[in-house]
Amino acid sequence: MSFLDQFLKESSVSRNTTPGRDPGPPVSHQRGYSMESDEGDVEDNRAPSIASSRSNMSEQSVDASPMSAGGNPRISAPLQNTSLGSGAGLTNVPGSLLKPKCHQFLIRTFSSPLKCNHCTSLMVGLTRQGVVCEVCGFACHIRCKDRVPAACPVPPDQTKRPLGIDPTRGIGTAYEGYVKVPKPGGVKKGWQRQFVVVCDFKLFLYELQAAAPAVAVSQVLDMRDPEFEVSSVRESDVIHAAKKDVPCIFRVTTSLMDPPGIRHQCLMLADSESEKTKWVVALNELHRILKKNKLPDRTVYRCKEVMDNTVTVIKNALSATPVDKDRLVVGTEDGLFCVDLDRDEIGRIGDGKKIYQVEYLLEEQLIIVLAGRQRQMRLIPIRALDQTDTEWIKVADTKGCIVFATGVMRPTPTASASYCLCVAVKRQVIIYEITRLKTRHARLREVLLPAQAQSLDVFSDGRLCVGYQSGFTIYSLLGDQHPLSLVHPDNQMLGFLAYNPVDALGAIELPRGEFLLVFNTLGVYVDLQGRKSRDVEIMYPAQPTSIATTPDGFLLVYSDTHIDVFDASAGEWCQTINIRKTRPLIKTGSLNLSLLQEMPHITYLSNIHKEDSLSVVKPSMVVLGRDGRPVHRTRRRFSIRETSKQIKSNPDRRSKMISAPSNFNHITHMGPGDGIQIQRLMDLPTTLETADQVPHGTATPVVGAQPVQRVKSMFQQST
């Protein structure tokens with residue numbers, strides 16, 4: 001029986017015995033790698049009061065360092081909150097605090113990874129990760145505080161709890177330690193030390209800052225991934241590693257991009273070969289337990305390759321939008337391009353203006369772009385994809401546009417729904433209606449903002465949500481309603497937003513008048529009155545670089561090393577996609593620019609529960625692999641169609657490409673004899689239509705010099 005199986009068997013009350021196995025001998029407490037004894041399980045959760053004069057609007061930062069200071073991995077005991085105050089313990093607490101009282105929880109920010117004293121899971125997040133009792137120092141998740149024993153301080157007999165992951169719920173911490181991972185640039189650049197926590201059937205990797213790990217997660221590897229695998233490596237797998245290090249290296253594999261069937265591999269270097277073996281055995285045992293308990297798979301998206309780095313025009317792509325199932329439009333620093341996935345062709349649209357943002361309105365057959373050095377809005381009819389001389393329509397007064405959004409305006413009793421274009425310029429938003437007139441737009445009104453806009457979202461019922469620093473406000477597109485602030489100034493529960501200004505990244509409209517406000521440090525749920533509707537907040541594992549909101553109700557949070565997927569309605573973290581330095585090319589996040597082995601790729605996030613809106617996989621290039629799954633035989637190879645080489649669709653193309661002869665003045669006889677007189681020269685008909693206009697047997701009259709007159713008389717004699 002493995003040590004981890006023994007640990008999980010003995011540590012959980014609900015799992016005291018494992019079917020089909022005999023209980024193993026008790027494991028003594030050893031240094032470096034051990035099972036905690038019963039005495040070690042009694043954790044001291046008390047600490048001197050950390051109350052301050054500041055209220056809830058400014059949470060106090062609390063340092064928390066991992067308990068294990070050595071390099072060896074070990075079965076994890078809950079992290080003691082030693083950093084909440086030195087000398088924490090029952091013997092040092094004043095007698096007045098020993099009387100049972102109610103906890104006084106305040107939301108706190110931790111500067112290093114810290115486990116919840118109740119469920120033993122990590123308190124993930126960049127800020128406001130959990131609550132701490134000001135009296136006894138008990139730290140836990142916000143969602144766990146209502147389940148904590150009410151007595152303060154918590155009686156010692158109630159601090160005993162199962163160690164490790166609860167396989168029925170998939171929560172808890174089972175294993176932790178230190179490993180080395182390759183530096184950016186690969187193994188040949190060297191290794192860097194990181195702290196690893198195996199929690200909630202995931203591997204959390206943290207970079208080390210000074211002596212303690214950083215609060216932001218460096219990588220997240222999910223054991224629920226269908227291709228999760230842990231194995232040792234051979235010397236040929238790590239050719240740049242030192243020979244003495246190869247026996248100490250192991251590899252964790254997860255899925256990445258399919259097609260073309262590329263997997264993500266994370267190399268880890270342990271301190272010794274025996275420590276590597278412990279890591280491999282522990283992770284494989286946890287993976288086996290996960291599959292045995294059949295926890296639900298929460299995977300939502302699969303990453304697919306649209307174009308690889310061989311297509312040079314995508315290297316500086318800034319935006320993109322699908323036009324139909326076989327075509328998409330890509331905006332780059334060098335201009336706008338149309339990509340035909342059926343013909344594998346790429347054609348330029350218009351001139352070479354830089355395209356910052358592009359959207360497509362299907363019902364209006366209109367492409368809307370933010371382009372040029374002056375960042376001005378332009379409207380492009382869809383016919384420009386085939387007719388390169390189509391004129392782009394400039395939208396006046398939009399120079400210096402920060403961001404724009406499109407959506408459906410509220411329909412009136414006398415008219416059907418129409419589309420609007422909202423453009424943020426400086427501290428105002430200009431609202432245009434998309435029309436069917438020649439200019440394709442009409443200016444409706446302007447909205448003055450309290451600060452410069454950072455995000456725009458068009459909600460239902462003709463409402464515009466504008467995000468700015470530390471706040472969001474809803475405006476009526478038609479101006480028939482008063483503005484509604486989604487961050488109420490008198491609400492102390494949201495006071496922390498004003499105390500520490502944060503950038504607004506976007507907002508999501510939820511059912512029953514609820515909204516998710518997405519800031520660059522966390523996500524907050526509010527109602528129409530601007531008050532918090534839920535205690536739980538969205539916690540980001542890593543610092544976000546950008547976000548996307550999908551039509552399916554998911555929030556995509558992009559960071560330098562991965563994409564985190566959250567269910568906006570449930571407030572749950574569903575999935576992590578381990579693709580580096582990815583940024584969305586469209587607001588919905590379906591198209592992205594990703595780096596794979598430091599090479600740019602345009603990728604498509606496919607919802608595995610729905611049909612793809614883009615034909616990423618070409619049927620003619622797909623074969624069945626050994627496991628029965630479809631596999632791409634080869635990658636797409638696109639041809640660049642230059643504007644000068646484009647041929648307009650015309651049934652009479654030859655007549656416009658090559659002109660028929662009409663003048664023979666340039667012909668002369670050079671040589672002895674009559675020569676030119678015996679040549680039978682005549683104008684050939686250019687098309688069938690012109691041939692019908694020439695009588696049979698009649699020569700085309702030619703006006704020219706004397707040699708041409710002789711040719712004419714020669715034809716007449718021949719008839």
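Being a predicted model, the structure only gives us computed values, none of them experimental.
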**OP:** Scan Val323, Leu614, Thr321 and name whichever one has a side chain to side chain contact (heavy atoms under 4.5 Å, CB included) with Leu328.
**Re:** Leu614
Original post:
Can you tell me if NZ on Lys587 sees more than 12 non-hydrogen neighbours from other groups inside 6.0 Å?
Top reply: yes
**OP:** Drop me the distance from Asn607's CG to Glu611's CD, to the nearest 0.5 angstrom.
**Re:** 12.0 Å
Original post:
Between Leu477, Val458, Leu478, Val423, which is the residue that forms a side chain to side chain contact (heavy atoms under 4.5 Å, CB included) with Ile431?
Top reply: Leu477
**OP:** Could you tell me whether Lys581 and Glu598 make a salt bridge, using a distance below 4.0 angstrom between a side-chain N and a carboxylate O?
**Re:** no
**OP:** For the pair Arg327 and Asp342, evaluate salt bridge (Lys or Arg N to Asp or Glu O under 4.0 Å) and give the outcome as yes or no after the intermediate values.
**Re:** CA-CA 8 Å; Arg327 292 184 299 175; Asp342 183 42; over 6 Å; no
Subject >> Donor-acceptor pair, side chain of Ser559 and main chain of His562, under 3.5 angstrom >> reply: yes
**OP:** With the side chain counted from C-beta on, respond yes when Val300 and Ile608 share a heavy-atom pair under 4.5 Å apart, and no when they do not.
**Re:** no
Subject >> Residue pair Glu509 / Ser460, side-chain donor-acceptor N/O under 3.5 Å >> reply: yes
**OP:** Taking only Lys NZ, Arg NE, NH1 and NH2, and the carboxylate oxygens of Asp or Glu, determine whether Asp258 and Arg302 approach each other closer than 4.0 Å.
**Re:** no
Subject >> Residue Lys394 excluded, over 12 heavy atoms near NZ under 6.0 Å >> reply: no
**OP:** Could you walk me through whether Ile430 and Glu446 pass side chain to side chain contact (heavy atoms under 4.5 Å, CB included), step by step?
**Re:** CA-CA 4 Å; Ile430 308 174; Glu446 302 85 34; 4.2 Å; yes
Original post:
Taking it one step at a time, do His264 and Ser255 satisfy side chain to side chain contact (heavy atoms under 4.5 Å, CB included)?
Top reply: CA-CA 6 Å; His264 174 266; Ser255 60; over 6 Å; no
Original post:
Under a 4.5 Å cut-off applied to non-hydrogen side-chain atoms, are Thr406 and Leu361 in contact?
Top reply: yes
Original post:
Taking all non-hydrogen atoms of both residues, which atom of Trp392 and which atom of Ile349 are closest, and how far apart?
Top reply: CZ2-O, 3.5 Å
Subject >> Nearest atoms (heavy-atom pairs only) where Tyr356 meets Arg373 >> reply: OH-CA, 4.4 Å
Original post:
Taking side chain as C-beta onward, heavy atoms only, is Arg443 less than 4.5 Å from Asp397?
Top reply: yes
Original post:
Picking from Glu364, Glu391, Glu433, what satisfies salt bridge (charged side-chain N to carboxylate O under 4.0 Å, His left out) with Arg440?
Top reply: Glu364
Original post:
Of the non-hydrogen atoms in Ser455 and Leu505, which two are nearest, and what is the gap between them?
Top reply: CB-O, 3.7 Å
Original post:
Roughly how far, to the nearest 0.5 Å, is CG of Asp503 from OG1 of Thr521?
Top reply: 9.0 Å
Subject >> Check against side chain to side chain donor-acceptor pair (under 3.5 Å), Asp308 and Thr310 >> reply: CA-CA 6 Å; Asp308 61 12; Thr310 59; 2.4 Å; yes
**OP:** List the atom of Ser319, the atom of Val358, and the distance in Å for their closest heavy-atom pair.
**Re:** OG-CG1, 3.4 Å
Subject >> Side chains of Tyr301 and Asp552, donor plus acceptor under 3.5 Å >> reply: yes
Original post:
At what distance, to the nearest 0.5 angstrom, does CG of Leu464 lie from CE of Met409?
Top reply: 10.5 Å
**OP:** Please assess Asp326 against Ser615 for the test side chain to side chain donor-acceptor pair (under 3.5 Å), listing each intermediate value before the final yes or no.
**Re:** CA-CA 6 Å; Asp326 296 318; Ser615 298; 3.3 Å; yes
**OP:** Give the minimum heavy-atom separation between Phe459 and Cys465, together with the two atoms involved.
**Re:** CE1-CB, 3.5 Å
Original post:
Taking all non-hydrogen atoms of both residues, which atom of Ala442 and which atom of Thr435 are closest, and how far apart?
Top reply: CB-CG2, 4.0 Å
**OP:** Could you go through the side chain to side chain donor-acceptor pair (under 3.5 Å) check for Tyr604 and Ser613 one step at a time?
**Re:** CA-CA 10 Å; Tyr604 175 75; Ser613 59; 3.1 Å; yes
Subject >> Candidate pair Leu517 and Phe519, rule side chain to side chain contact (heavy atoms under 4.5 Å, CB included), full reasoning >> reply: CA-CA 6 Å; Leu517 309 183; Phe519 296 97; 3.8 Å; yes
**OP:** Applying salt bridge (Lys or Arg N to Asp or Glu O under 4.0 Å), run through Arg580 and Asp560 and close with a yes or a no.
**Re:** CA-CA 6 Å; Arg580 295 183 63 252; Asp560 284 338; over 6 Å; no
Original post:
Which distance, rounded to the nearest 0.5 Å, do you find between the CG of Leu595 and the CD1 of Ile579?
Top reply: 8.5 Å
**OP:** State the CD1-OH distance between Ile368 and Tyr432, to the nearest 0.5 angstrom.
**Re:** 12.0 Å
Subject >> Derivation of the side chain to side chain contact (heavy atoms under 4.5 Å, CB included) call for Leu556 and Leu605 >> reply: CA-CA 10 Å; Leu556 308 180; Leu605 286 186; 3.7 Å; yes
Original post:
Do Tyr558 and Asn592 meet the criterion of a side-chain donor-acceptor pair at a distance under 3.5 Å?
Top reply: yes
Subject >> Check against ring pair (Phe, Tyr, Trp, His ring centres under 6.0 Å), Phe515 and Phe472 >> reply: CA-CA 10 Å; Phe515 304 92; Phe472 286 86; 9.7 Å; no
Original post:
Does Leu370 reach the side chain of Arg375, with side-chain heavy atoms less than 4.5 Å apart?
Top reply: yes
Original post:
With a 4.5 Å limit on heavy-atom distance, are the side chains of Asn309 and His601 in contact?
Top reply: yes
Subject >> Residue of the set Ile508, Leu555, Asn520 for which side chain to side chain contact (heavy atoms under 4.5 Å, CB included) holds with Ile547 >> reply: Leu555
Original post:
Are any of the side-chain heavy atoms of Ile367 and Leu385 separated by less than 4.5 Å?
Top reply: yes
**OP:** Taking the side chain as every heavy atom from C-beta outward, state whether Met307 and Val339 have any pair of such atoms under 4.5 Å apart.
**Re:** yes
**OP:** Check the surroundings of atom NZ in Lys325: do more than 12 heavy atoms from other residues, nucleotides or ligands lie under 6.0 Å from it?
**Re:** yes
Subject >> Backbone N/O of Asp612 and side chain of Ser606: donor-acceptor pair under 3.5 Å >> reply: no
Original post:
Tyr468 and Gln452: side chain to side chain donor-acceptor pair (under 3.5 Å), yes or no, with the steps?
Top reply: CA-CA 6 Å; Tyr468 44 87; Gln452 182 172 291; over 6 Å; no
Subject >> Separation between CZ of Arg445 and CD of Gln428, rounded to the nearest 0.5 Å >> reply: 11.5 Å
**OP:** State whether a side-chain donor-acceptor pair under 3.5 Å links Ser594 with Thr603.
**Re:** yes
Original post:
Take atom NE2 in His609; do more than 12 heavy atoms of anything else shown fall under 6.0 Å from it?
Top reply: yes
Original post:
Under a 4.5 Å cut-off applied to non-hydrogen side-chain atoms, are Phe638 and Glu345 in contact?
Top reply: no
Original post:
Is a side-chain donor or acceptor of Arg348 paired with a backbone partner of Asp334 at a separation under 3.5 angstrom?
Top reply: yes
